[in-house]
**Q** 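The following block contains the structure, expressed as structure tokens.
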Amino acid sequence: MSDQPPLRLRFAPSPTGYLHVGGARTALFNWLLARKTGGTFIVRIEDTDTDRNVPGADAKIMDDLRWLGLLWDEGIDVGGPNGPYYQMQRLELYHEVVRRLIAEGKAYYAFDTQEELEARRKQAEAEKKAFKYPRPERFPDESDVKRARLEGRPVVVRFAIPAEDITVHDEVMGDVTVPGAELDDFVILKADGIPTYHLANVIDDAGMKVNFVMRGQEFLAQTPRHIALQRALGYPTPRYAHLPLIMDMKGRKLSKRDGDVEVHSFRAQGYLPEALINFIALLGWSPGADREKMTLDEMVELFSIDRIGKTNPKFDREKLLAFNTDYVGAASEERLQAAYDDFLSVSETSTIARANPDRETRRELLRVCRGFHTFPDIDTKAGFIFVDDAAIQYDPAAVQKVLVKDGGFAMLENLLPLLEKVEVWTTPNLEALLTGICESHGVKMGKVAQPLRVAVSGGTISPAIYDTLVLLGKDKTLRRIRNALAQRS
RNA sequence: GGCCCCAUCGUCUAGUGGCCUAGGACACCGGCUUUUCACGCCGGCAACACGGGUUCGAAUCCCGUUGGGGUCACCA
């Protein structure tokens with residue numbers, strides 16, 4: 001195609017919890033572009049915020065990525081030639097770079113306390129000016145550092161950013177120029193000796209030979225800092241593409257506060273990964289031509305940067321639900337079973353999961369509940385099959401309407417002895433019995449099925465009546481009918 | 001507030017000056033199907049933020065206004 005070197009892209013989450021949908025989309029787009037171009041997809045962990053790191057979060061993120069089908073070529077767990085892939089394991093590298101920057105006069109020590117900084121920001125705000133860290137006339141030397149340490153002051157290192165305008169050639173947003181006057185001397189090494197995101201990120205991208213950076217738009221305004229750092233260090237500047245931000249339905253930036261936005265919670269709530277990933281792909285990207293439903297392979301085929309939009313999309317759960325319903329309907333039996341088993345293994349609320357039905361029963365559940373949106377709907381619709389007879393809650397409205405008003409109790413009395421006589425409890429036999437009753441009584445199936453449904457489930461929601469009775473079994477069915485009859489007062 | 005960015009149905013979006021009477025999907029509304037709940041099928045409602053230009057012609061180009069978002073941390 002061209003003589004361009006292959007693309008190297010990375011997804012670099014910080015280990016603060018589960019992967020959320022915004023991160024999943026960033027990972028997806030990077031993965032897609034890597035696959036599309038025959039490039040490399042790297043995953044590294046940016047764990048320089050030791051206060052916020054959550055132990056085990058990296059494993060959770062990996063688990064979520066894999067569940068979504070996004071596998072990486074290089075990075076954590078799988079290794080690679082440019083590791084380590086955890087920033088906290090690369091501290092020496094950062095320190096070396098910081099020493100070099102200081103030696104070259106491109107960075108300097110600073111000793112301000114948080115309180116002092118805060119006071120100056122407040123003042124700048126009061127004067128309606130943007131706060132800019134004032135660069136000292138003379139950069140502190142080692143003896144100043146020693147004195148500061150003795151005085152118990154924090155010691156950080158700031159980057160002396162050149163006062164020049166910097167233009168980011170963003171492949172989504174176009175050229176974005178930030179005036180040099182806006183840039184100030186940001187911290188690159190914190191008082192605890194750990195680098196800030198800016199420094200570590202730039203060093204690692206260079207060290208890992210990342211030549212294409214695709215990330216959320218919240219980083220766009222920071223990119224000039226990164227470019228300035230790259231220039232100071234003699235690193236090449238990668239290509240950049242900043243993605244529009246995913247917002248909630250109120251137009252606020254999607255945050256963990258407004259409901260579950262974690263990939264894992266969609267998994268635990270019974271969504272299919274292929275539905276979730278397809279839905280997420282459409283947040284800020286479109287293949288055009290009225291195309292929506294796509295497999296990961298098809299997305300790879302269709303993906304291109306110039307079809308990434310600039311406007312912030314809202315995360316519409318209704319549409320995601322509809323996508324899932326469609327995917328459930330279109331999935332093969334094997335695929336659906338595998339996904340259902342996965343759901344059962346991670347769900348903490350499913351009654352059916354607790355009942356731990358055998359494989360054949362799980363298969364039947366999937367069949368008789370066809371048309372469901374998400375896996376928990378199977379609990380809603382058929383969960384009563386798995387609870388103790390005594391735990392059945394009779395819905396007063398259903399009892400009143402179906403059993404009292406529409407003569408359901410009388411029908412059940414008729415039915416009970418006939419059902420008791422059924423030797424082989426199968427759909428054909430039950431069907432023959434019930435349709436026979438309809439004919440002899442001159443009533444529609446609703447008159448027979450509804451009372452049975454209410455009797456065995458307590459309400460009006462269940463799978464088709466024959467499926468329900470067969471799944472329930474003869475004993476439970478008869479017991480529940482008797483229990484229902486006992487409800488008559 | 002400074003700087004930066006964005007702007008098509010309620011939502012995700014198609015649209016790159018004439019093909020637009022603006023297309024698709026979700027939601028919503030109506031109908032059909034039906035032993036319940038769902039599923040499904042058919043139909044309908046619904047948008048180029050506003051104001052100026054440029055042009056024979058603008059959703060598409062330019063300017064302004066308004067609205068929204070991001071960023072200005074020893075967080076990423």
Side-chain angles (χ1 to χ4, degrees), chain A residues 12-14 16 46-49 51-52 110 112-114 117-118 121 124-132 154-158 168 170 173-174 176-179 181-184 186-192 194-198 200-201 215-222 224 242 244-245 247 249 251-253 279 282-293 306-307 309-323 325-326 328-329 369-373 377 380-381 398 402 434 438 444-450 452-454 457 459-466 468:
Chain A
S14 55
T16 52
E46 309 217 325
D47 51 359
T48 53
D49 187 348
D51 289 339
R52 293 194 204 184
D112 314 83
T113 63
Q114 294 292 1
L117 253 14
E118 196 51 42
R121 284 200 188 90
E125 193 179 336
E127 293 169 12
K128 289 195 180 296
K129 289 192 299 196
F131 171 74
K132 248 188 100 172
V155 177
V156 303
V157 176
R158 285 179 183 268
V168 182
D170 191 89
M173 304 305 296
V176 176
T177 301
V178 172
E182 291 296 317
L183 275 8
D184 78 342
F186 58 95
V187 172
I188 55 176
L189 192 71
K190 300 184 266 190
D192 57 8
I194 298 172
T196 57
Y197 158 77
H198 303 291
N201 183 272
R215 74 230 300 194
Q217 226 173 71
E218 70 263 34
F219 295 106
L220 181 57
Q222 319 266 19
H242 286 89
L245 266 14
M247 317 295 264
M249 286 307 278
R252 316 295 310 179
K253 191 173 161 190
F279 174 74
L282 264 11
L283 263 22
W285 174 72
S286 162
D290 295 338
R291 188 77 190 277
E292 277 200 327
K293 297 288 166 52
D306 51 22
R307 295 201 63 91
K310 299 179 176 185
T311 57
N312 297 338
K314 296 193 176 83
F315 190 79
D316 184 357
R317 289 162 194 280
E318 300 271 15
K319 183 152 181 166
L320 169 59
L321 221 214
F323 261 54
T325 308
D326 290 348
V328 163
C369 291
R370 248 170 301 146
F372 63 89
H373 299 282
D377 291 349
T380 305
K381 194 167 183 171
V402 177
L434 298 193
C438 286
K444 288 195 168 185
M445 184 52 74
K447 284 288 182 212
V448 179
Q450 278 303 77
L452 281 171
R453 191 165 350 254
V454 174
S457 77
T460 58
I461 299 171
S462 90
I465 198 65
Y466 307 122
T468 301

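Hydrogens, waters and symmetry mates play no part in the numbers below; they use all other heavy atoms, side chains included. Here is the naming used below: chain letters follow the sequence lines, and residue numbers restart at 1 for every chain.
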**Q** How would you label the contact of Phe219(A) with the nucleic acid (heavy atoms, under 4.0 Å): base, sugar-phosphate, or nothing?
**A**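 Base contact.
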**Q** Describe the nucleic acid contact of Phe186(A) in one word from base, sugar-phosphate, nothing, applying a heavy-atom distance below 4.0 Å.
**A**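 Since no nucleic acid heavy atom lies under 4.0 Å of Phe186(A), the category is nothing.
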**Q** Do Pro195(A) and Ile188(A) come within less than 4.5 Å of each other through their side chains, counting heavy atoms only?
**A** no
**Q** Given that Asp192(A) and Ala464(A) both sit by RNA chain B, which one's nearest nucleotide is further toward the 5' end?
**A**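 Residue closer to the 5' terminus by nearest nucleotide: Ala464(A).
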**Q** Quick one: is Gln222(A) getting a side-chain N or O under 4.0 Å of the C72(B) phosphate, OP1 or OP2?
**A** yes
**Q** Look at the side-chain N and O atoms of Arg453(A) and state whether any lies under 4.0 Å from the OP1 or OP2 oxygen of C37(B).
**A**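 No, Arg453(A) has no side-chain N/O under 4.0 Å of OP1/OP2 on C37(B).
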**Q** Mind checking if Asp112(A) touches a base, just sugar-phosphate, or nothing, with heavy atoms under 4.0 Å?
**A**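 Base: the residue Asp112(A), judged by heavy atoms under 4.0 Å, touches a nucleobase.
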**Q** At under 4.0 Å, does any side-chain N or O of Arg121(A) touch on OP1 or OP2 of C74(B)?
**A**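 Answer is yes, contact under 4.0 Å.
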**Q** What nucleic acid atoms does Thr177(A) come within less than 4.0 Å of, heavy atoms only: base, sugar-phosphate, or nothing?
**A** sugar-phosphate
**Q** Hey, does the side chain of Arg252(A) come within less than 4.0 Å of G69(B)'s phosphate (OP1/OP2), counting only N and O?
**A**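 Checking Arg252(A) against G69(B): at least one side-chain N or O falls below 4.0 Å of OP1 or OP2.
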**Q** Once you apply a heavy-atom cut-off of 4.0 Å, does Pro179(A) come out as touching a base, just sugar-phosphate, or nothing?
**A** sugar-phosphate
**Q** Can a salt bridge be assigned to the pair Arg52(A) and Asp49(A) using a cut-off of 4.0 Å between side-chain N and carboxylate O?
**A** yes
**Q** Quick one: label Val156(A) by what it contacts on the DNA or RNA (base, sugar-phosphate, nothing), any heavy atom closer than 4.0 Å.
**A**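 Answer is base: heavy atoms of Val156(A) come under 4.0 Å of a base.
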**Q** So what does Thr16(A) hit on the nucleic acid, given a heavy-atom distance under 4.0 Å: a base, only sugar-phosphate, or nothing?
**A**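 The residue Thr16(A) makes no contact with any strand.
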**Q** With heavy atoms under 4.0 Å as the rule, sort Gly284(A) into base, sugar-phosphate or nothing.
**A**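 Sugar-phosphate: the residue Gly284(A), judged by heavy atoms under 4.0 Å, touches backbone atoms but no base.
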**Q** Establish, yes or no, whether the cationic atom of Lys381(A) lies under 6.0 Å from the six-membered ring centre of Phe372(A) and within 45° of the ring axis.
**A** no
**Q** Tell me which nucleotide, if any, is Watson-Crick or G-U wobble paired with A58(B) when both distances must be under 3.5 Å.
**A**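 Paired with no nucleotide.
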**Q** Which listed nucleotide (U36(B), C39(B), G23(B)) is nearest to the side chain of His373(A)?
**A**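 So the side chain of His373(A) is nearest to C39(B).
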**Q** Identify which nucleotide among A73(B), G15(B), C39(B) has an atom closest to any side-chain atom of Arg307(A), counting heavy atoms from C-beta outward.
**A**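 Side chain of Arg307(A) sits closest to G15(B).
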**Q** Between the base of G23(B) and the side chain of Asp290(A), is there a donor-acceptor distance below 3.5 Å?
**A** yes
**Q** Please tell me which of the listed nucleotides, A38(B), U35(B), U11(B), lies nearest to the side chain of Lys381(A)?
**A** A38(B)
**Q** Quick one: look up who C26(B) pairs with, Watson-Crick or G-U, both distances under 3.5 Å, and put none if it's unpaired.
**A** G10(B)
**Q** Determine the contact category for Arg215(A): base if any of its heavy atoms lies under 4.0 Å from a base atom, sugar-phosphate if only primed atoms, P, OP1 or OP2 are that close, otherwise nothing.
**A** nothing
**Q** Have a look at Pro463(A) and say if it touches a base, only the backbone sugar-phosphate, or nothing, with a 4.0 Å heavy-atom cut-off.
**A** base
**Q** Looking only at side-chain N and O atoms, does Arg158(A) come under 4.0 Å of OP1 or OP2 in C74(B)?
**A** yes
**Q** Just N and O in the side chain of Lys190(A): are any of them under 4.0 Å from OP1 or OP2 of A76(B)?
**A** yes
**Q** Is the shortest side-chain heavy-atom distance between Thr196(A) and Leu189(A) below 4.5 Å?
**A**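 SC-SC contact between Thr196(A) and Leu189(A) ruled out.
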**Q** Tell me which nucleotide, if any, is Watson-Crick or G-U wobble paired with G1(B) when both distances must be under 3.5 Å.
**A**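 Partner of G1(B): C72(B).
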**Q** With no angle test and no hydrogens, is the base of C5(B) tied to the side chain of Lys310(A) by a donor-acceptor pair under 3.5 Å?
**A** no
**Q** Could you measure the distance from the CD atom of Glu46(A) to the OG1 atom of Thr16(A)? Nearest 0.5 Å is fine.
**A**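 Answer for the CD-OG1 pair, Glu46(A) versus Thr16(A), is 11.5 Å.
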**Q** Regarding Leu283(A), tell me which of base, sugar-phosphate or nothing describes its non-hydrogen contacts under 4.0 Å with the strands shown.
**A**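 Here Leu283(A) touches the backbone only, sparing every base.
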**Q** Pick base, sugar-phosphate or nothing for Leu220(A), based on heavy-atom distances below 4.0 Å to the nucleic acid.
**A**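 Result for Leu220(A) = nothing.
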**Q** Just call it for Ser14(A): base, sugar-phosphate, or nothing, with non-hydrogen atoms closer than 4.0 Å on any strand.
**A** sugar-phosphate
**Q** Think Thr48(A) has a side-chain N or O under 4.0 angstrom from the OP1 or OP2 of A76(B)?
**A**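 Affirmative; the distance criterion is met.
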**Q** For C26(B), does OP1 or OP2 lie under 4.0 Å from any side-chain N or O of Lys319(A)?
**A** no
**Q** Taking C-beta and beyond as the side chain, do Lys319(A) and Phe279(A) meet within less than 4.5 Å on heavy atoms?
**A** yes
**Q** Please measure how far the C1' atom in G53(B) lies from the corresponding atom in C9(B), and state the result in whole Å.
**A**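 Straight-line distance between the two C1' atoms is 28 Å.
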**Q** Could you state the atom-to-atom distance from OH of Tyr197(A) to P of C75(B) in whole Å?
**A**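 Spelled out: OH on Tyr197(A) to P on C75(B) is 14 Å.
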**Q** Of the nucleotides C12(B), A76(B), C75(B), which one has an atom closest to the side chain of Glu292(A)?
**A** C12(B)
**Q** The side chain of Asp326(A) is closest to which nucleotide in this list: G69(B), A7(B), G40(B)?
**A** G40(B)
**Q** Please pick, from C3(B), U35(B), U11(B), the nucleotide with the shortest atom-to-atom distance to any side-chain atom of Val178(A).
**A**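 Of C3(B), U35(B), U11(B), C3(B) is nearest to the side chain of Val178(A).
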**Q** Rounded to the nearest 0.5 Å, how far does NZ of Lys310(A) lie from CG of Asn312(A)?
**A**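 If we round to the nearest 0.5 Å, Asn312(A):CG and Lys310(A):NZ are 12.5 Å apart.
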**Q** The side chain of Ala449(A) is closest to which nucleotide in this list: U35(B), A76(B), A14(B)?
**A**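 Selected nucleotide (nearest to the side chain): U35(B).
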**Q** Output the single nucleotide from U71(B), C75(B), U35(B) whose closest atom is nearest the side chain of Lys253(A).
**A** U71(B)
**Q** Of the candidate nucleotides U13(B), U36(B), C74(B), which contains the atom at the shortest distance from the side chain of Ala191(A)?
**A** C74(B)
**Q** Scan Ser286(A) against the nucleic acid and name what it touches under 4.0 Å (heavy atoms): base, sugar-phosphate only, or nothing.
**A**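 If one applies the 4.0 Å heavy-atom cut-off, Ser286(A) turns out to touch the sugar-phosphate alone, with no base involved.
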**Q** Watson-Crick or G-U wobble partner for C39(B), using a 3.5 Å limit on both distances?
**A** none
**Q** From the list C3(B), C6(B), G70(B), which nucleotide is the closest neighbour of the side chain of Thr311(A)?
**A**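 The nucleotide sitting nearest to the side chain is C6(B).
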**Q** Is the backbone of Lys132(A) close enough, under 3.5 Å, to the side chain of Arg121(A) for a donor and an acceptor to pair up by distance?
**A** no
